[in-house]
Amino acid sequence: MNTAAEWIDLSGKVAHVTGGAKGIGRGICRALAMAGAKVMVSDVNLAGAQETADEVAGDAMALDVTDREAVDRAMQETVDRLGSLDILVNNAGVYIGFGGPVRDITDDMWRTLWSVNVDGVFYCCRAAARHMIDAGTRGRIINVSSTQAVSPGVGVTYDGSKAAVAQITKALALELAPHGINVNALAPGPTWVQEGEPPPTNTQAPARSGEPLADTVADRIYRLPAGHWGDPMEQGKAVVFLASEMSSFVTGIYLPVDGGWLTL
Ligand SMILES: NC(=O)c1ccc[n+]([C@@H]2O[C@H](COP(=O)([O-])OP(=O)(O)OC[C@H]3O[C@@H](n4cnc5c(N)ncnc54)[C@H](O)[C@@H]3O)[C@@H](O)[C@H]2O)c1
């Protein structure tokens, strides 16, 4: 390698991004493609995944990460269709409709969220690790956690699931390091995912609702040091770092990309 630009170059690499139909996942797909990677975009929303894939000249497939057998098939299909599996980004996750006070959390809400945010991450990590180890690929696995893993606010269901993702990441990093596979967690702070709609500006202090969870989050967004919501592409840039030679000696970390949220 002769230039630093080569460290960031992902030409010849194949990345599988789950939940890539919109939001942060779409930003990650765009950034990886800009760095030269071939991207397999998967999502339960196939139309959205196809839209992302068309934009980044990648490929798309329907995938529900809670379906263990479908996950195994999807990782194999990525190799069959694109030639290898070098980078896995476990981005698919749910939170809307699952937060709030503990007294209102139903068994169904708890199980549904954990099956996507935790079981899904585990199934994808396991399937990808099998491929990478068998192929001798010095791969990268990037699990999307959240600042809520260490600084709660959405509620027990989501916050707990993202802490689990952070610790699964560390355990896997330890186990897979001898295979040359780096495993890291990305911890996004507030990131605006309504494409086409401008994010709200933080010019007015939020009215207090009296509900601690909601008030904590609203107050922190208002006081966010960066002064504005994050953009999905800002998460994508950090994923390119974690997927590239730039981070060759980085494994097992929890990387906040949060505009200073965790300084508050
Ligand atoms: N937006 C934020 O502020 C923020 C902050 C911290 C962490 N995160 C995390 O980032 C990730 C992406 O969040 P986002 O805000 O872009 O969400 P989003 O709702 O905009 O997009 C999530 C995508 O995941 C897909 N998905 C949902 N369930 C799935 C399943 N079972 N299998 C496959 N795909 C599935 C959805 O169809 C959607 O395309 C999530 O893991 C989320 O927890 C987001």
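Nothing here was measured: the structure is a model prediction, and the numbers come from that model. In what follows, residues are counted from 1 in the order of the sequence shown. As the structure lists them, so they are numbered: ligands from 1, and atoms in each ligand from 1.
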Notebook entry, point to check: Backbone, side chain, both or neither: what part of V65 comes under 4.0 angstrom of ligand 1, heavy atoms only?
Noted result: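 For V65, the contact with ligand 1 is made by both the backbone and the side chain.
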Item checked: P232, portion touching ligand 1 at heavy-atom distance under 4.0 Å ->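 Neither; no heavy atom under 4.0 Å.
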Notebook entry, point to check: Of the choices S42, G189, A92, A74, which has the non-hydrogen atom that lies closest to atom 5 (C) of ligand 1?
Noted result: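 Going through S42, G189, A92, A74 one by one, G189 has the nearest heavy atom to atom 5 (C) of ligand 1.
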Margin query: Measuring from atom 22 (C) of ligand 1, which candidate in G23, G93, A70 has the nearest non-hydrogen atom?
Written below: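 Nearest heavy atom to atom 22 (C) of ligand 1 lies in G93.
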Next item on the list: Please say whether N117 places an N or O atom under 3.5 Å from an N or O atom belonging to ligand 1.
Entry: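 Checking ligand 1 against N117, no N or O pair falls under 3.5 Å apart.
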May I ask you to check whether over 12 heavy atoms, not counting those of [X], lie within 6.0 Å of atom [atom1]?
X	atom1	answer
M233	CE	yes
R111	CZ	no
E69	CD	no

Any idea which atoms of ligand 1 are less than 4.0 Å away from a heavy-atom of [X]?
X	result
K22	18 (P), 19 (O), 20 (O), 21 (O), 38 (C), 39 (O)
P190	3 (O)
S146	6 (C), 7 (C)
Y158	6 (C), 7 (C), 8 (N), 9 (C), 42 (C), 43 (O)
L63	32 (N), 33 (C)
V144	9 (C), 10 (O), 11 (C)

Notebook entry, point to check: Looking at K38, R30, M34, R26, which one forms a side chain to side chain contact (heavy atoms under 4.5 Å, CB included) with V56?
Noted result: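 Going through K38, R30, M34, R26 one by one, the side chain to side chain contact (heavy atoms under 4.5 Å, CB included) with V56 is satisfied by R30 alone.
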Note to self: Can you confirm if the aromatic rings of F98 and Y158 lie within a centre distance of less than 6.0 Å?
What the structure shows: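 Distance test on ring centres: not under 6.0 Å, no.
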Next item on the list: Applying side chain to side chain contact (heavy atoms under 4.5 Å, CB included), run through I141 and N90 and close with a yes or a no.
Entry: CA-CA 8 Å; I141 297 176; N90 282 312; 4.2 Å; yes
Any side-chain donor-acceptor pair under 3.5 Å between [X] and [Y]?
X	Y	answer
D86	T137	no
H16	S42	yes
E234	T191	no
T106	D108	no
E55	T52	no

Quick one: nearest non-hydrogen protein atom to [atom], plus distance?
atom	result
atom 40 (C) of ligand 1	N91 O, 3.3 Å
atom 29 (C) of ligand 1	V44 CG2, 3.9 Å
atom 4 (C) of ligand 1	I24 CD1, 3.8 Å
atom 1 (N) of ligand 1	T191 O, 3.1 Å
atom 24 (O) of ligand 1	G19 CA, 3.6 Å
atom 31 (N) of ligand 1	D64 OD1, 3.0 Å
atom 13 (O) of ligand 1	Y95 CE2, 3.9 Å
atom 37 (O) of ligand 1	D43 OD1, 2.6 Å

Next item on the list: Look at ligand 1 and say whether S115 reaches it with a heavy atom at a distance under 4.0 Å.
Entry: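 For ligand 1, residue contact (heavy atoms, under 4.0 Å) with S115 is absent.
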Note to self: Between ligand 1 and K162, can you find any atom pair, the residue atom being a heavy atom, that is separated by under 4.0 Å?
What the structure shows: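 Yes.
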Checklist line | Student check: side-chain heavy atoms of R126 and R68 closer than 4.5 Å | finding: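 Heavy-atom side-chain distance check passes, below 4.5 Å.
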Next item on the list: Dump the intermediate steps for side chain to side chain contact (heavy atoms under 4.5 Å, CB included) on N117 and V94, then the final yes or no.
Entry: CA-CA 7 Å; N117 291 13; V94 289; 3.7 Å; yes
